[in-house]
2 protein chains.
Amino acid sequence: MVRPPHIRDVAALAGVGVGTVSRVLNDSAGVADDTRERVRAAMDDLGYRPSNAARRLSLGRTQTLGVIAPFFTHPSVVERVRGIDDVVGDSAYDLVLFNVETSGQAEDALRRFARADRVDGVLVVSLPLSDDELTALQDQGIPVALVDVDDERLPHVSNDDVLGGTLAARHLLDAGHRRVAFVGDTVENPFGFTSSARRLEGFAAAMEEAGAPLAPECIRRGPHGREVAGLLARELLDLGEPPTAIFAASDVQAFGVLDAAARAGLDVPGGVSVIGFDDIDLAGAIGLTTVRQPLRESGRAGARLLLAALAGDGHEDAPALPELLVAARRTVGAPP
Amino acid sequence: MVRPPHIRDVAALAGVGVGTVSRVLNDSAGVADDTRERVRAAMDDLGYRPSNAARRLSLGRTQTLGVIAPFFTHPSVVERVRGIDDVVGDSAYDLVLFNVETSGQAEDALRRFARADRVDGVLVVSLPLSDDELTALQDQGIPVALVDVDDERLPHVSNDDVLGGTLAARHLLDAGHRRVAFVGDTVENPFGFTSSARRLEGFAAAMEEAGAPLAPECIRRGPHGREVAGLLARELLDLGEPPTAIFAASDVQAFGVLDAAARAGLDVPGGVSVIGFDDIDLAGAIGLTTVRQPLRESGRAGARLLLAALAGDGHEDAPALPELLVAARRTVGAPP
DNA sequence: TCCCACCGTGGAACCGGTTCCACCCTACCT
DNA sequence: AGGTAGGGTGGAACCGGTTCCACGGTGGGA
């Protein structure tokens, strides 16, 4: 609990000036080799570790990146954050998390960041930014990158949700399904997500094109979550003419659909087929057929975009991500 | 992108000294009401926001807490972190994350923190600390709290894993099982986890007490993960006299066991019963019977312990957590 | 021989807050 | 009237780094 040594102590012990110590610390050129050695030895002797706070103040940089995301409600987000960590963990940056469970919190988080010496950059995952929020960040000159958000005004990484919906439709059509249903998020959801809507868009268009348009009663939407999806699925299964397959806008919702099917005494895929979206880790565990999107890679790519922006490498283009594809497992079969 | 105003600008505009502005900022007593108003007005005029970095330096506090945890390999950890966020999110502290995937990284993370002006406190989740790491933190005087780590030397929150193992055994015994098996982590795992071993301890003792001791070939251990658990389960199911029920040391491993059973063409629970541990969110989704431990509450409790330590409220005792219990769902039945 | 580069170095000033001490002024007491 | 207590305030010093300017010394070119 003694007061830790600081740079002046090191300078005194090594018999040099503080400027020289600082130069050694930062590996700047212009220090003679033997001096450098002497300073290093003094640092070791004292167990010196530079103060982060002081460095931040004088540098005007924080070596910290902020991540704003709905971590806990969406396992897919965790997987994306994992990708972010892959990249940022190797850099010198710290990662500060702001979990968001309501849209109000997104604003809070941005306000917290709205000062340049708090974080050097911000990654926003799966949350659309309002114009106000966007300009607030831009006024502060804080670099931002978006993951799973489709906003042309900022560097972003996004997946082609429309294509994903199309793939799901094709997979069901190939298995012989004609009467299919959709379970997804309400359009007016607390975060302003649009991915569910885009997945439906691609899905509905492909079904229509195949001459098997979605019946209006086969489109069910509700707040994101497993339980709600289960209830919606139950409604579908209780229809006079129930669908033979259900496309859920996310794996979490697909789990709810599976649960509803089990409760209704329906075998999957014997009684009804189910296809999800995301391919989160546990989808493989229970054999859920789902549209795989490169979650982890998207996080990596977003982090790289942000680091590039911080390094001032101009406006780097979003890197190419692996393509979407259907991970065919055990929940899709022929119609009953 | 103009240079943001700082405290001296505010002082000049309000016609007061910087000390007074600082007092207003911190709501300290000893400022006349009209002066306070004048300073507030000046701040608004200039759009002044105090610099975090400067405040950190002069205060010697960071308003930041560090969390060291294996986030991505263990969904149960995510749930605990969620509890931490519940509590810390409401405080003025930021949360800096250090993900740990190997034991070397745990050391790295601690080194990064081993300087008081980096974080004000550290929460370690599900990672035992070595003596070196412990003393390093204590030398720096950084408060630490542990979640899911049983270390009497520090404030900690832990669950009774031995009891959990006992509960699992009783549940299987009640269903009529006598030849049961265990799938868990290797004793020498990269993180030094001991929870798997303690769960086995309680499990084995209870089975023995009931006169149905675990056969040595029915204890299988491997690196944590779904796939490995699946392989181990496969070995069990291929035994000359296969077990009628399998206890997995975590839900993730239970998913692997379920997968192995499905591949072996065994119905669950018709052909074999499975019980897990943790009750992560998705356990409910697929009807996994499992030992429920209060994950989120443990995170909350750990965060409260740390905040109490930071506030200097003496050595607060670990708060009582909800009890462990078996969440009986659809994967345990009578032996075939 | 003189001059000039240039390398290596020391140290003051600076980043933007907080804190503490000194000081003024008013009000109340004797 | 003189003394004192105490609220309100200004501002220098400080937190611990970085940076930039000035300066000494050495070597090469004219």
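- Toward the 5′ end of DNA chain D lies the nearest nucleotide of B:Gly15, the other residue of the pair A:Ser22 and B:Gly15 mapping further downstream.
- Of the side-chain N and O atoms in A:Ser58, none sit less than 4.0 angstrom from OP1 or OP2 of C:dC15.
- When heavy atoms are screened at a 4.0 angstrom cut-off, A:Ile7 is found touching base atoms of the nucleic acid.
- When the options B:Thr62, B:Val87, B:Asp120, B:Thr64 are evaluated for a side-chain contact (heavy atoms from CB on, under 4.5 Å) with B:Tyr93, the one that passes is B:Asp120.
- Screening B:Leu310, B:Asp94, B:Val122, B:Val119 for a side-chain contact (heavy atoms from CB on, under 4.5 Å) with B:Leu65, the sole residue that qualifies is B:Leu310.
- Considering B:Leu13, B:Asp9, B:Ile7 in turn, B:Ile7 is the only one that fulfils the side-chain contact (heavy atoms from CB on, under 4.5 Å) rule with B:Tyr48.
- Here B:Leu57 lies in heavy-atom contact (under 4.0 Å) with a base.
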May I have the list of side-chain donor-acceptor pairs in residues 29-47 of chain A shorter than 3.5 Å, sequence neighbours left out?
{"from": "A:Arg36", "atom 1": "NH2", "to": "A:Ser28", "atom 2": "O", "distance (Å)": "3.1"}
{"from": "A:Arg38", "atom 1": "NH1", "to": "A:Ala14", "atom 2": "O", "distance (Å)": "2.7"}
{"from": "A:Arg40", "atom 1": "NH2", "to": "A:Asp27", "atom 2": "OD1", "distance (Å)": "3.4"}

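- Nearest-nucleotide assignment on DNA chain D puts the 5′-proximal partner with B:Val18, out of B:Val18 and A:Arg61.
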Under the side chain to side chain contact (heavy atoms under 4.5 Å, CB included) criterion, do A:Val96 and A:Phe98 qualify, and how do the steps go?
CA-CA 7 Å; A:Val96 174; A:Phe98 283 86; 3.6 Å; yes

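- Under the 4.5 Å side-chain criterion, counting only non-hydrogen atoms from C-beta, B:Asp85 is not in contact with A:Phe71.
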task = Could you check B:His74 against B:Ser126 for side chain to side chain contact (heavy atoms under 4.5 Å, CB included), going step by step and ending with a plain yes or no?
result = CA-CA 9 Å; B:His74 295 68; B:Ser126 298; over 6 Å; no

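- Comparing B:Thr20 and B:Ala53, the nucleotide of DNA chain C nearest to each residue sits closer to the 5' end for B:Ala53.
- Contact check on B:Asp86 versus B:Arg300 returns a salt bridge, with a Lys/Arg side-chain nitrogen under 4.0 Å from an Asp/Glu carboxylate oxygen.
- Whole-Å rounding puts the A:Arg118 CZ to C:dG17 P distance at 14 Å.
- Counting to the nearest Å, the C1' atom of C:dT18 and the NE2 atom of B:His6 are 15 Å from each other.
- Note on B:Val16: only backbone sugar-phosphate atoms sit closer than 4.0 angstrom, heavy atoms only; bases stay farther off.
- Scanning residues 24-47 of chain B for heavy-atom distances under 4.0 Å to DNA chain C yields B:Leu25, B:Asn26.
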For nucleotides 20-27 of chain D, 5' to 3', base contacts (B), sugar-phosphate-only contacts (S) and non-contacts (-) with protein non-hydrogen atoms under 4.0 Å give B-------

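- The nearest whole Å value for the distance from the CZ atom in B:Arg55 to the C1' atom in C:dT19 is 13 Å.
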Q. Would B:Asp281 and A:Phe72 satisfy side chain to side chain contact (heavy atoms under 4.5 Å, CB included), going step by step from the backbone distance to the final call?
A. CA-CA 10 Å; B:Asp281 192 47; A:Phe72 302 114; over 6 Å; no

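- Within 3.5 Å, no donor on the side chain of A:Arg8 pairs with an acceptor on the base of C:dG11, nor the reverse.
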